[in-house]
Amino acid sequence: RCPMPLHDTNYQHWEGAHLGLWHRRWTIAENGLRACLQNKWMRHLVVLCWGAALVMTAFLFLVGQLLVADSVVVQWVRNLNPDLQVFASMLTTWLEQHPEVSVRTTQDVLFYYFGTFLMSVSIFALGLAMPLLITRDLASNAIIIYASKAVSRGDYLLGKFSTAFGLLVLTWLGPVCAAWFVGNLLAPDWRFFWHSRVPLCHAVVYGLSSMVLLSLLALGVSATSLKEKSTGAFWFTWWVVGGVVAPIAAHTKPWLRHLSFNFDLDQLALAVFRLGDDLKIAQDNIPIFGSMLRNIRAETTAALNNPPIWGALLGLLLMAALAAIIVAKRVKPE
């Protein structure tokens, strides 16, 4: 009698669900995001960003309540000093008579400052996540393991890019969109949704372009070293030193400012939101607002109206290209 084999060697048709190419990419991104959120400080940053969204929603609600004659906000304004009372009265009149311009201008300014604040928090969050992108895989030779599992280098890099991009969705895009939606939902007139479409477009254009560039730069920095502390330190050093050098270089060699990615992103924000035009519209419609801004230096006004956007775009594209070259050389199976 022939002994029975330990394993059934006959062909068996696969009856499970077929998972496509994007599933493996999503698996890499999901695992990366879960690893990021296991960090206590990362969770605190995410909570901070969504808490800032609540504050932004409150600001939008207060602006909307200026249109309600018997609202608590209007009654509170009456207790302010005379200059602020005049300013609030003119702002209310402007909102009532020209909502198609006033709502857009007011929210444009608010979302500019809100977006740039969240971008700083997001950059800090990427620094905390830096070892979890590529550094740890390079140190443990995990790239070889990924290759043996039929995961191509493109799948791996797209998954890691999605990890960085997904983190920015949690810390930037999600809070911005939520604040815009809830803030206009609480407005006394639902036409605020239509009047504020331009600020939302500005925020999304600035945010998505910045998120793509920052995700590429984060992958490049994460691939520079096998040591987890080194890549995080490199990212924070680049960010902080760039912020210190940019004001100094403005008076010596202006082109050096574009080596700072945060300076370039600030110029991108100014070019997209066109904050100088918004302030000019507000000054024309609220005369007292112009007197409140009379102490602004001429250099600041020039920077708002004419940001060096082409140099900033060139600097960002060169940094993104350098990051792509670093990743292409470092991330490959041996």
Side-chain angles (χ1 to χ4, degrees), residues 49-69 71-74 76-77 84 87-122 168-169 171-211 265-290 292-293 296 301 304-305 307:
C49 293
W50 286 93
L54 289 177
V55 175
M56 180 63 178
T57 303
F59 273 110
L60 297 177
F61 174 75
L62 292 176
V63 171
Q65 288 301 299
L66 289 175
L67 296 178
V68 181
S71 67
V72 176
V73 177
V74 173
W76 173 73
V77 166
L84 292 178
F87 172 75
S89 176
M90 290 185 174
L91 178 60
T92 300
T93 303
W94 186 35
L95 288 170
E96 290 177 343
Q97 296 179 353
H98 304 286
E100 70 283 356
V101 177
S102 58
V103 172
R104 183 200 68 193
T105 303
T106 303
Q107 292 202 17
D108 219 27
V109 174
L110 289 175
F111 274 101
Y112 166 79
Y113 286 105
F114 181 54
T116 51
F117 167 75
L118 284 187
M119 193 58 69
S120 298
V121 180
S122 299
L168 294 176
V169 169
T171 58
W172 199 94
L173 187 61
V176 168
C177 292
W180 179 86
F181 178 78
V182 178
N184 289 300
L185 187 65
L186 298 176
D189 189 343
W190 280 19
R191 287 180 298 177
F192 273 39
F193 278 107
W194 176 251
H195 297 325
S196 63
R197 68 192 185 279
V198 173
L200 178 64
C201 291
H202 287 169
V204 170
V205 168
Y206 162 65
L208 290 180
S209 56
S210 300
M211 289 162 64
L265 291 178
D266 288 342
Q267 307 317 303
L268 178 62
L270 289 174
V272 171
F273 281 94
R274 301 186 63 85
L275 199 62
D277 294 345
D278 292 329
L279 293 179
K280 181 65 169 58
I281 293 174
Q283 290 177 8
D284 293 340
N285 289 273
I286 308 177
I288 193 174
F289 187 68
M292 294 171 64
L293 299 178
I296 295 181
T301 304
L304 291 176
N305 293 322

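Source: prediction; values computed, not measured. All values below were derived from every heavy atom in this structure, side-chain atoms included, with hydrogens, water molecules and symmetry-related copies excluded.
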Within the 4.5 Å heavy-atom criterion, are [X] and [Y] side-chain neighbours or not?
| X | Y | result |
| --- | --- | --- |
| Y206 | W172 | yes |
| L110 | L60 | yes |
| L270 | Q267 | yes |
| L208 | L173 | yes |
| Y112 | V272 | no |
| W180 | M56 | no |

Closest heavy-atom pair and its distance - [X], [Y]:
| X | Y | result |
| --- | --- | --- |
| N184 | S196 | ND2-OG, 3.2 Å |
| F114 | A52 | CE1-O, 3.5 Å |
| T57 | V182 | CG2-CG1, 3.6 Å |
| S209 | L268 | OG-CD2, 3.5 Å |
| F111 | V176 | CE2-O, 3.8 Å |
| D108 | H202 | OD1-ND1, 3.0 Å |

[atom1] of [X] to [atom2] of [Y]: how many Å apart, nearest 0.5 Å?
| X | Y | atom1 | atom2 | value |
| --- | --- | --- | --- | --- |
| S122 | L168 | OG | CG | 5.5 Å |
| R197 | Q107 | CZ | CD | 12.0 Å |
| F181 | L186 | CZ | CG | 9.5 Å |

TODO: Start with the C-alpha distance between W50 and T171, add both sets of side-chain angles, then the distance that settles side-chain contact (heavy atoms from CB on, under 4.5 Å), and finish with yes or no.
DONE: CA-CA 7 Å; W50 286 93; T171 58; over 6 Å; no
Task: Steps toward side-chain contact (heavy atoms from CB on, under 4.5 Å) verdict (D266, M119) - done: CA-CA 10 Å; D266 288 342; M119 193 58 69; over 6 Å; no
Open item on the list: Tell me whether the NZ or CZ atom of R191 lies within the 45° cone about the ring axis of W194 and under 6.0 Å from its centre.
Closed with: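 Judged by the rule, R191 and W194 form no cation-pi pair.
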Task: More than 12 heavy atoms from other groups under 6.0 Å of CZ on F193 - done: yes
